[in-house]
Amino acid sequence: MYLYNSATHKKEEFKTHTPGRVEMYTCGPTVYHFAHIGNLRSYIMEDVLEKFLRYEGYDVNRVMNITDVGHLASDADTGEDKMLKGARREHKSVMEIAKFYTDAFFDDCAKLNIKTPDVVQPATGLIDQFIQVVSGLIDKGYAYVAGGNVYFDTSRLDHYYVFNDHDEEDLAVGVREGVEEDANKRNKNDFVLWFTKSKFEDQALKWDSPWGVGYPGWHIECSCISMKYNGEYLDLHCGGVDNAFPHHTNEIAQSEAYLGHPWCAQWFHVHHLNTNSGKMSKSKGEFLTVSLLEEKGYDPLAYRFFCLQSHYRKGLVFSWENLDNAAGAYSKLIKRIAALTDTEGAVDEEAAAQMKEKFLTQVGNDLNTSMGITCLYDVLKAPVNDVTKRAVLASFDSVLSLSLLEKAAALREKEAAQAKTAGADGFTVRGEGDPEIDALVLQRAQAKKAKDFAQADRIRDELKAKGVEITDVPGGAVWKRI
Ligand code: AMP
Ligand code: ZN
């Protein structure tokens, strides 16, 4: 696979420290609110990346944190803890908020076919490890205590700032709420590893430490969680592009200082989901969730399809019109797959291998998911039997996770059930899968059979008012929305 590496600013051949094994780390959610569909864009693309690597034959160890302490309102160590803000908003304890939104996050992930990582570690569960690493950094001379907090000393590094090819605007996101001067910092870029003093004394969760009762900074959490579960050499670190600075930059600084050798070889950053008014963000308070998409009648997987249609290194503009287009294309694709009903013959292994090879090359070119979708249409058009088509589609879907064959089977079942219900008196309704409309069409047929033409006409008018057109066909009726 070739993957763009934000640390080297190049597309490179993907390599791992241990052949055949990928140590992969993903920055998890800050659980003070629901994940919005922008956050979930990042998790969808990271999920496809993980599944693609597995498809290529790698053994992947995927680790993710849950940020339930230490992420302050500004990524630059100022403001109060986001978790505390969430707890106050909902008159609950921080741990109640953390549990509720962690569960909500994984529910959303399940609806979007995002696999749960092999290891999920809430930050509050690993405080001893953080204290150990912060102590190590002090011992090695990379950290200092000032004004009650422990800071990382960035002046000790030859090279602090690695992701300098991002837009200034993206980088600014990290310090969005105005950086207040912290007089304790020796250098402008120094950052907090452990807080015992902050302007917000009512921090809910605090632990004993050699530097007094306090709590960890957000950046140290990810470094420690990764070092514990991925080991000393990380192959691939993922996150949204807003995390590149300062979060990932600080992770590199402290991990390499602690370990004494290079830490993570490849950095994968997903660009933002934007609306007309800019980046979708939790802190702005106006954001879209998976539940809201469902309330509006969208299948969450239509959103996944929408995300896969564009490249992860480009900003993606969300609008209802764009989502409608994706939802329409997704449901047409499912219908075409549902029509592959022929069970004659065996899988054409040679043709299947060729199609898979193409898929590997296309998607393996910097995770080109839209080419992955094009490969699905190529399978539908290929001069092979339905058995082969279904087998290859299932194989590609182990990466894309659009539930293609499951949805197609459900559609076929639904159509068969409709035909069966209607078929009791020999009348078949075929439509666009809306039971309410099917029932009306059936009632109209029954009215006609009973020679109650006035009622039959009334129902036809009612359907017309709903934008539905019926065509009588031998043995039944077909309806469609116009
Ligand atoms: P958070 O829960 O705020 O810690 O963010 C969780 C993940 O979502 C991080 O990897 C962020 O970089 C990413 N993220 C935040 N906003 C967006 C957005 N609008 N589009 C894509 N990813 C985002
Ligand atoms: Zn992180």
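Atoms within each ligand, like the ligands themselves, are counted from 1 in listed order. Along the sequence shown, residues are numbered consecutively beginning with 1.
Under a 4.0 Å criterion applied to the non-hydrogen atoms of Ser42, ligand 1 contributes the atoms 13 (C), 21 (C), 22 (N), 23 (C). Close approach of ligand 1 to Asn243 (heavy-atom distance below 4.0 Å) involves ligand atoms 9 (C), 10 (O), 11 (C), 12 (O). Within ligand 1, the atoms closer than 4.0 Å to a non-hydrogen atom of Gly239 are 10 (O), numbered from 1 in the order shown. Taking every heavy atom of Pro29 and a limit of under 4.0 angstrom, the matching atoms of ligand 1 come to 2 (O).
Nearest to atom 21 (C) of ligand 1 among the protein's heavy atoms is Gly38 O, 2.9 Å. Atom 6 (C) of ligand 1 has Tyr43 OH, 3.2 Å as its closest protein atom, hydrogens excluded (heavy atom only). The protein non-hydrogen atom at the shortest distance from atom 20 (N) of ligand 1 is Leu273 N, 2.9 Å. For atom 14 (N) of ligand 1, the closest non-hydrogen atom of the protein is Asn39 ND2, 3.5 Å. Of all protein heavy atoms, the one lying nearest to atom 12 (O) of ligand 1 is Asp242 OD1, 2.5 Å. Taking atom 16 (N) of ligand 1 as the reference point, the nearest protein heavy-atom neighbour is Lys279 CE, 3.4 Å. In terms of protein heavy atoms, atom 18 (C) of ligand 1 is closest to His272 CD2, 3.6 Å. Closest to atom 19 (N) of ligand 1, if we only count protein heavy atoms, is Met280 O, 2.9 Å.
Each of Leu112, Thr289, Asp47 was compared with Leu40 under the side chain to side chain contact (heavy atoms under 4.5 Å, CB included) criterion, and only Leu112 meets it. No option in Ser6, Ser255, Cys27 other than Cys27 meets the side chain to side chain contact (heavy atoms under 4.5 Å, CB included) test with His237.
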For a ring pair (Phe, Tyr, Trp, His ring centres under 6.0 Å) check, start with the C-alpha distance between His33 and Phe287, then their side-chain angles and the critical distance, and finish with the verdict.
CA-CA 11 Å; His33 218 319; Phe287 55 80; 5.0 Å; yes
Please assess Tyr160 against Asn250 for the test side-chain hydrogen bond (donor to acceptor under 3.5 Å, both in side chains), listing each intermediate value before the final yes or no.
CA-CA 8 Å; Tyr160 168 66; Asn250 292 350; 2.5 Å; yes
Quick one, Lys51 with Ser401, criterion side-chain hydrogen bond (donor to acceptor under 3.5 Å, both in side chains). Give me CA distance, side-chain angles, the key distance, then yes/no.
CA-CA 9 Å; Lys51 287 173 179 165; Ser401 287; 2.9 Å; yes
Salt bridge (Lys or Arg N to Asp or Glu O under 4.0 Å) evaluation trace for Arg54 with Asp118
CA-CA 13 Å; Arg54 290 187 195 272; Asp118 303 286; 3.2 Å; yes
What verdict does the side-chain hydrogen bond (donor to acceptor under 3.5 Å, both in side chains) test give for Asn276 and Ser319, after you've listed the backbone C-alpha separation in whole Å, the side-chain angles of each residue and the deciding distance to 0.1 Å?
CA-CA 8 Å; Asn276 287 341; Ser319 70; over 6 Å; no
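The shortest heavy-atom distance from Val270 to ligand 1 is not under 4.0 Å. Not a single heavy atom of Lys82 sits closer than 4.0 Å to an atom of ligand 1. The closest approach between a heavy atom of Thr67 and any atom of ligand 1 is not below 4.0 Å.
The number of heavy-atom neighbours closer than 6.0 Å to OH of Tyr144, taken from other residues, nucleotides and ligands shown, is above 12.
Look at His219 and the Zn ion (ligand 2): no N/O/S atom of the residue is under 2.8 Å from the metal. Taking 2.8 Å as the threshold, His248 does not count as a candidate ligand of the Zn ion (ligand 2), since none of its N, O or S atoms lies below it.
No hydrogens or angles considered: nothing links the side chains of Tyr101 and Glu96 as a donor-acceptor pair under 3.5 Å. Side-chain polar atoms of Lys11 and Asn5 form no donor-acceptor pair below 3.5 angstrom.
Seen from the Zn ion (ligand 2), atom SG of Cys27 and atom SG of Cys222 lie 130° apart in angle, a value rounded to 10°.
Inclusion of Val241 in the set of residues having an N or O under 3.5 Å from an N or O of ligand 1 is not warranted.
No salt bridge links Glu23 with Arg62; every basic N to acidic carboxylate O contact stays at or beyond 4.0 Å. With respect to Lys407 and Asp299, a salt bridge is recorded, a charged nitrogen being found less than 4.0 Å from a carboxylate O.
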